[in-house]
Undergrad: 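Have a look at this one.
Start at 1 and go down the list; that is how both ligands and their atoms are numbered.
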Amino acid sequence: MKTIAVIGTGRMGTGLAHLLSKGPEAVLWATRDPHQVVERKLPWVNKVTLCAYKDALQADIIIPALWYSDLMEWIPEMSDALAGKILIDITNPFNTAFDDLLLDCSTSAAEEIQRALPRTFVVGCFKNTFWSVLESSTTQEPVSDVFVTSNDPQPKAQLLQLFQGLPFRFLDAGPLRNNRTIERMTVLARELGIRYGYYPRISYRLWV
Ligand SMILES: NC(=O)c1ccc[n+]([C@@H]2O[C@H](COP(=O)([O-])OP(=O)(O)OC[C@H]3O[C@@H](n4cnc5c(N)ncnc54)[C@H](OP(=O)(O)O)[C@@H]3O)[C@@H](O)[C@H]2O)c1
């Protein structure tokens, strides 16, 4: 059995930890402040193991549910512990106005994280899945598409297999450079959601 670690207890961290707590894998959920998690009295929290950030790096698969800049600050410290492991990158490197990305079109957060962690298998996933869609994913029909990217076919195949029971349609979306588009699709989805009054309950589903 694999161990999956979700790092961060914000909106995405909570949604992902909850979703994964329903599956067969052991889930570590890392926070800087376990007391605030206990105080939230989440009914499913006993299905995961709360831990510190550094302890989460023992897992086989690590999902940092952190903002891009916070993750990049921490990456030099994580490098050795993450060698040979899978890091699932969910980040969109938004600017402070949330109307554009901090990175230009010649790269993406996923590629920059892979560049900073050359010994780790970075897999892009859940970048277009807003937190409220994660929360309601078990009740919504049709399920949302989730684009899965990696430069390495093996970890991507492993994740597609591991996540097959989750209520999303996971699509192999090619290499990490496709996150130049996928991350910008999140900017567009956010704007469309706000324009039409659906944000943050908006997601992509290709007509195929
Ligand atoms: N929001 C969405 O719908 C959505 C959708 C797709 C992708 N994403 C991506 O998911 C990532 C997390 O987004 P989010 O909406 O979950 O963010 P959030 O609610 O603000 O949570 C971020 C978490 O990061 C941790 N953290 C670590 N260092 C921090 C620092 N210096 N300042 C503040 N928090 C710090 C905190 O967890 P602890 O206090 O437990 O340590 C915090 O709860 C982002 O990269 C975002 O682009 C978000």
Undergrad: Within 45° of the ring axis of Phe130 and under 6.0 Å from its six-membered ring centre, is that where the NZ or CZ of Arg190 lies?
TA: no
Undergrad: Could you please provide the protein residues found below 4.0 Å of ligand 1 on a heavy-atom basis, arranged by chain and number?
TA: Gly8, Thr9, Gly10, Arg11, Met12, Thr31, Arg32, Gln36, Tyr53, Ala65, Leu66, Trp67, Tyr68, Asp70, Ile90, Thr91, Asn92, Phe126, Lys127, Thr129, Phe130, Trp131
Undergrad: Should the ring pair Phe98 and Phe94 be called parallel, tilted or perpendicular, given that the plane angle runs from 0 to 90° and is split at 30 and 60?
TA: tilted
Undergrad: Does a donor on one side chain and an acceptor on the other come within less than 3.5 Å for Thr149 and Arg177?
TA: no
Undergrad: Closer than 4.0 angstrom, basic N to acidic O: yes or no for Arg195 and Glu191?
TA: yes
Undergrad: Transitive ILVMFWY cluster of Leu66 at side-chain heavy atoms under 4.5 Å: who else is in it?
TA: Ile7, Tyr53, Leu57, Ile62, Tyr68, Leu71, Met72, Trp74, Ile75, Met78, Leu82, Leu87, Leu103, Ile113, Leu117, Val122, Leu176
Undergrad: Pick out which of Phe170, Trp131, Phe147 makes a ring pair (Phe, Tyr, Trp, His ring centres under 6.0 Å) with Phe126.
TA: Phe170
